[in-house]
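Whatever order the structure lists them in is the order used to number ligands and atoms, beginning at 1.
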Amino acid sequence: MSWILDPIISLINYVPDVSQDSRPIPCAALQTLRLENTVITTATHIPGDKVLIKVPGSCSGAALVTASICRVHFIVNTTSTSRVHAEAWLPDEWYGRFLGVGNRGVGGCIDYDMIDYGSSLHFAAVGSDNGHDGNDDPSFAEPEVVNDFAFRAVHVEAVIGKQIVEAYYGRPHSKSYYLGCSTGGRQGIQAALRYPEDFDGILAGAPAVDWNHLMGWMVMLGIYIGAPNAATSPSVILFELWEVVAAEIMKQCDALDGVEDGIITEPDDCHFKPSVLLCSQDKTTDCLTEPQIAALEKIYQPLLGSKKELLYPRYDPGTAVMGGWLLYFRGDIMPMSDIWYKTVVLKDPNFDFSNFNLSTIALAEKVNPGGISTFDGDLSAFKKRGGKLITYHGRADTGIASGISKRYYNLVAETMGMRNLDSFYRLFLVPGMSHCMGGRGAAYFGQFGFETNAVNTTRGNILLALVDWVENGAAPDTIVGTAYDGTQRSHCRFPQKSVWDGEKFNCQV
Ligand SMILES: *[C@@H]1O[C@H](CO)[C@@H](O)[C@H](O)[C@H]1NC(C)=O
Ligand SMILES: *[C@@H]1O[C@H](CO)[C@@H](O)[C@H](O)[C@H]1NC(C)=O
Ligand SMILES: *[C@@H]1O[C@H](CO)[C@@H](O)[C@H](O)[C@H]1NC(C)=O
Ligand SMILES: [Ca+2]
C-alpha cells in the first residue's frame, strides 16, 4: 500500500492499486483489541459505494458511507460517571493520515458527514458523540459530562483512535489532523491549547471560542427583541420586517466594497443606521416603531460589560435573514444558551430569563464550567511542536459574530508577543458566507466535503491546504472559494483586506 506521502493533487485523484488484504488483521478482529478503559462494540467492513448505514443513539437514523472502510464503534469510560462513544472509519486505501473531527452546537452526535468526508480522502477518520447523546439536557448536570464536552472527548478520540489505527494497519499514523466548525472550531482551538501533541494540523472554522460570553450574547440578542416575553413585547420584529431590515442594510452597505453584489466584504465598515426605517405619518408600511429601532441599535452594537469593556463583538450586518431569524430573532431564548445557563451554569431548571442580565454572564465566566471558555491566547506549546492552525469565518455568519475570530487572532498575537502569526496560524475571512457554510459568498472550499462546484486543488480545498502546509511546508496565501453559481473568489488571510480594483478583488496588506 502506498502510504508514502503523495502530492496533494494525487491525493484527490488517487487510483486504488492495492487490495485491502494487505492489512495485518481483518476488520472484525479489532473487536478483540484491549485498550485502556475502552470497549470496542463493533468492527465491520463496509464496501462503501454510498451505502446507507444505521447509526446508534438519538441523533439521526442513518449515515452515508462513500469509501470502502472498516467501521469501528467504541466506548471509552472517561470517569466513573462519564463516557465517550466514538467511531473510527478506516479506509481500505489509507494514506497514513489520522483525522479527528468535532461536533456542533451542544449536540452529542458523531459527525458522520465529516468522517465520511475524511475517509473518502483516505484519512483514518474518528469522531465522537462529545460525551453525551443528542441534545441531552439532563446529562449536562453531571460535571464530568461537561468536562467531556469542554475538552476531553476530542482528546480521547485522538488518543484511543490512534491506537486503533495502529492496530489495524500495523503501523502508526504519519501526521494527525483535526477538522471542525462552530463548536467543532472551539474544540480545535481547545485541542491546540490543552493537548498540543494531539494534532499536527488543526482546521477550526467559525470557532465558538469565548464560549460563556457567546452563550450570554445569544441570550441578549433574544432579550433585545423581547424574549422571553416576545409575544407581548413592543420590541419584537416579525420575520417580514427582518426582510425590510436586511434590504436596508444592503442599501446602506453593499456598495462600500465597490460592488453591489449582496455581499458586504467588510462588515466592520458598515455603520448601519436603523433610524431611517422609523414609521411616520407618511411611512406606515415596511417601517419600524421606536422600540424596534432601539432593539436593532443594540443588536448591531458589541456587547459591553458593566465597565464598558468588550464582552462579545457585534452581530454582523448583512447576514441571511432566514438563518438569523431561525436562530436568534424568533422571540425566544436560543435553546443552546437555555441549556447552558439553566443546566450547567445556574443549575436551576426553572430559571426565568426575565432575570438574565450582565451579572448572569459574569457568573458564567467566573464558574467557567469545564474550563470551556477557550479564550487563552497562549498557543506557544502548539507552535513549538510544529503545529499549524487554520481558522476561517464567514462574514455573514448568522450564528457566531465573525469579529470573534479577529479578536482571537489578535489575542494570540498579543499574548505571544508576535506581530505576525503567519508561520503557524492563519485566519481566512470569507465574505458573504453564513455559519460554517452557505450564503451568497464563495462559500465552498472543502470545509465540509466535496461540493459539486468546488475546485479540486490544494487552494480550493482548505483541508488539503492544511495537509500541504504540514507536510510540504507550503503555507496557503489565500483560499479559493466557489459560490453556488460557480463564481470564485480568493479569500484573504487576516489582517490582509479584500480590495476591489475595478475588475477584481485582491488581497492587500
Ligand atoms: C465502563 O463503565 C461501565 C459502567 O459504568 C462498565 O459496565 C464497563 O465495564 C466499563 N468499561 C470499561 C472498559 O472499563
Ligand atoms: C441582575 O439581576 C439581578 C436579579 O434580578 C439583580 O439583583 C442584579 O442587580 C442585576 N444586575 C445587573 C448588572 O443589572
Ligand atoms: C472533485 O472530486 C470529487 C471526488 O473525487 C468529485 O466527486 C467531484 O465531482 C470533483 N469536482 C470537480 C469540480 O471536479
Ligand atoms: Ca458588495
Side-chain angles (χ1 to χ4, degrees), residues 30-42 72-86 129 131-133 139 142 144-145 148 152 156 159-160 163-164 213 216 219-220 223-224 228-229 246-270 272 298 303-309 311 316-320 341 345-346 348 350-366 394-396 429-433 439-443 483 487 489 491-492 497-506:
L30 282 173
Q31 254 165 289
T32 60
L33 189 62
R34 294 280 165 271
L35 300 172
E36 198 182 354
N37 297 324
T38 303
V39 56
I40 294 183
T41 48
T42 57
V72 186
H73 189 92
F74 59 102
I75 304 170
V76 185
N77 289 350
T78 47
T79 68
S80 60
T81 52
S82 60
R83 65 211 54 81
V84 168
H85 293 241
D129 72 347
H132 63 286
D133 180 32
S139 74
E142 167 55 47
E144 292 296 356
V145 172
D148 281 346
R152 201 163 43 207
V156 160
V159 170
I160 301 296
Q163 294 174 48
I164 294 173
H213 288 139
V219 176
M220 295 307 288
I223 285 177
Y224 296 154
N229 308 305
E248 179 60 31
I249 289 175
M250 281 303 154
K251 196 173 155 199
Q252 293 185 23
C253 296
D254 187 358
L256 291 176
D257 56 18
V259 190
E260 288 192 43
D261 55 357
I263 294 169
I264 299 170
T265 295
E266 179 45 88
D268 292 356
D269 292 343
C270 175
F272 168 52
K298 290 181 198 149
L303 177 63
L304 301 181
S306 55
K307 298 183 186 71
K308 301 288 167 233
E309 76 281 16
L311 296 184
D316 285 303
T319 64
Y341 274 94
V345 175
L346 301 166
D348 175 5
N350 300 315
F351 177 71
D352 177 358
F353 276 93
S354 306
N355 297 320
F356 188 95
N357 60 26
L358 292 177
S359 306
T360 331
I361 299 178
L363 175 69
E365 183 61 1
K366 183 159 165 252
R395 301 311 305 275
L429 296 172
V430 184
M433 184 172 83
R440 296 182 74 109
T487 55
R489 183 163 174 181
H491 302 309
C492 306
K497 288 179 181 302
S498 182
V499 179
W500 180 250
D501 68 5
E503 282 173 13
K504 60 185 189 317
F505 283 102
N506 301 300

Do [X] and [Y] pair up side chain to side chain, a donor and an acceptor below 3.5 Å, judged on atom types alone?
X: T79; Y: R152; answer: no
X: S498; Y: R395; answer: no
X: T81; Y: E142; answer: yes

Point to revise | Near-ring test Y341/F356, centroid separation under 6.0 angstrom | key: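 Yes, ring centres under 6.0 Å apart.
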**Study point:** Shortest non-hydrogen contact between P228 and D352, atoms and distance
**Key:**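 Looks like CG-OD1, 4.1 Å.
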Point to revise | Atom pair CG (L256) and CG (D268), whose distance is rounded to the nearest 0.5 Å | key: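 Spacing of CG (L256) from CG (D268) equals 11.5 Å.
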**Study point:** Interatomic distance, Q163 atom CD to F74 atom CZ [nearest 0.5 angstrom]
**Key:**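 Result: 9.5 Å between the selected atoms.
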**Study point:** With sequence neighbours excluded, residues passing ring-ring contact (aromatic ring centres under 6.0 Å, His included) with Y224
**Key:**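 Listed in chain order: nothing, the list is empty.
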Check your understanding: How would you list, by chain and number, every residue that makes a ring-ring contact (aromatic ring centres under 6.0 Å, His included) with H132, sequence neighbours excluded?
Key ->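 Only F140, F149 meet the ring-ring contact (aromatic ring centres under 6.0 Å, His included) criterion with H132.
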Check your understanding: Do you know how many protein N, O or S atoms are within a distance smaller than 3.0 Å of the Ca ion (ligand 4)?
Key ->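 If we list every protein N, O or S atom nearer than 3.0 Å to the Ca ion (ligand 4), we get 7.
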Check your understanding: What residues sit with at least one heavy atom under 4.0 Å from ligand 1?
Key ->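 These residues qualify: N37, T38, N77.
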